[in-house]
Amino acid sequence: EQARHDRALQDIARAYLRYERIVLTNPDGQRNVAVGRMYPDLVIKERVPPAEARREPRVLLIGEVETPSSVNEEEVAQWRAYSRLGLPFVLFVPHASLEAARRLLEQGQIQ
């Protein structure tokens, strides 16, 4: 299940990769990049131009990747915490789990 999750995370990260973006990941529970004190699966930051190299890159989006078995009520608290960071938050779920994820997001009042 973890390997499936990490493959999906890599595919999603590749889809977001562009010259103007830096795509960072935390696969398999790693703590490579933090947003606040949290470690979402996917963190996309702006690429800072060389002329502004001292400026910290702005976070454009954070994302969490779920597998069929992780679209459940136990994950809702984490999704809620990510959604409250004040950043665009995207939840990636398998197509077959889309309705369950929508229901959980609605019940948890998560955007």
Side-chain angles (χ1 to χ4, degrees):
E1 191 76 5
Q2 186 64 48
R4 186 177 183 180
H5 170 274
D6 292 347
R7 275 193 309 275
L9 177 57
Q10 287 175 345
D11 291 344
I12 292 164
R14 269 199 271 337
Y16 276 94
L17 191 59
R18 303 282 185 274
Y19 176 75
E20 70 277 2
R21 301 179 188 145
I22 300 168
V23 179
L24 306 161
T25 61
N26 291 311
D28 195 21
Q30 293 178 22
R31 294 180 169 219
N32 300 319
V33 60
V35 176
R37 294 182 180 194
M38 302 185 76
Y39 295 87
D41 289 330
L42 182 69
V43 178
I44 300 176
K45 294 184 175 187
E46 69 177 333
R47 186 175 302 278
V48 177
E52 302 174 33
R54 293 185 179 170
R55 183 170 61 83
E56 180 69 25
R58 185 171 46 101
V59 175
L60 302 173
L61 177 141
I62 58 173
E64 191 66 9
V65 176
E66 301 298 350
T67 60
S69 66
S70 65
V71 176
N72 59 53
E73 292 181 13
E74 294 171 14
E75 298 294 323
V76 172
Q78 184 181 50
W79 303 344
R80 184 179 299 109
Y82 288 140
S83 73
R84 291 182 176 166
L85 288 173
L87 300 165
F89 168 62
V90 178
L91 180 64
F92 297 94
V93 300
H95 185 72
S97 302
L98 189 57
E99 287 306 314
R102 283 185 178 149
R103 181 180 43 77
L104 291 167
L105 290 167
E106 185 177 306
Q107 288 173 354
Q109 299 179 346
I110 301 168
Q111 291 291 322

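Both backbone and side-chain heavy atoms feed into the values below; hydrogens, waters and symmetry mates do not.
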Assess whether side-chain contact (heavy atoms from CB on, under 4.5 Å) is satisfied between Leu24 and Lys45, documenting all intermediate values. CA-CA 8 Å; Leu24 306 161; Lys45 294 184 175 187; 4.1 Å; yes
Backbone of Pro27 reached by a side-chain donor or acceptor of Asp6 within 3.5 Å: no
Do NZ/NE/NH1/NH2 and the carboxylate oxygens of Arg102 and Glu99 come within less than 4.0 Å? yes
Between the CD atom in Glu73 and the CZ atom in Arg103, the distance rounded to the nearest 0.5 Å is 7.0 Å
Decide if atom CD of Glu106 counts as having more than 12 heavy atoms of other residues, nucleotides or ligands within a radius under 6.0 Å. no
Using the rule given for side-chain contact (heavy atoms from CB on, under 4.5 Å), can you reason through Leu42 versus Val65, listing the C-alpha separation, both sets of side-chain angles and the distance that settles it, and then say yes or no? CA-CA 8 Å; Leu42 182 69; Val65 176; 5.5 Å; no
More than 12 heavy atoms from other groups under 6.0 Å of CZ on Arg55: yes
hydrophobic_cluster_shared for Leu60 and Ile12, side chain cutoff 4.5 Å: yes
Quick one: side chains of residues 77-89, donor-acceptor pairs under 3.5 Å with protein atoms, not counting sequence neighbours, listed by atom name and distance.
residue : atom : partner : partner atom : Å
Gln78   : NE2  : Tyr82   : OH           : 3.4
Trp79   : NE1  : Glu66   : OE2          : 2.9
Arg80   : NE   : Gly108  : O            : 3.4
Arg80   : NH2  : Gly108  : O            : 3.4
Tyr82   : OH   : Tyr39   : O            : 3.3
Ser83   : OG   : Arg80   : O            : 2.8

In terms of hydrophobic clustering (I, L, V, M, F, W, Y; side-chain heavy atoms under 4.5 Å; direct or indirect links), are Val23 and Val43 co-clustered? no
Common cluster, Leu91/Leu9, ILVMFWY with side-chain heavy-atom separation under 4.5 Å: no
Atom CD of Gln107 with >12 non-hydrogen neighbours under 6.0 angstrom: yes
Apply side-chain contact (heavy atoms from CB on, under 4.5 Å) to residues Ile22 and Val48 and explain how you reach the verdict. CA-CA 9 Å; Ile22 300 168; Val48 177; over 6 Å; no
Cluster check Phe92, Val35: I/L/V/M/F/W/Y, side chain < 4.5 angstrom: no
Roughly how far, to the nearest 0.5 Å, is CD of Gln10 from NE2 of His5? 11.0 Å
Backbone N/O of Pro40 and side chain of Asn26: donor-acceptor pair under 3.5 Å: yes
Thr67 and side chain to side chain donor-acceptor pair (under 3.5 Å): which single residue from Gln2, Arg4, Glu1 fits? Glu1
Quick one: does any side-chain atom of Asp41 pair with a main-chain N or O of Gly63 as donor and acceptor, under 3.5 Å? no
Quick one: list whatever passes side-chain contact (heavy atoms from CB on, under 4.5 Å) with Arg18, sequence neighbours left out. Glu20, Arg21
Taking all non-hydrogen atoms of both residues, which atom of Val90 and which atom of Leu61 are closest, and how far apart? CG2-CD1, 3.4 Å
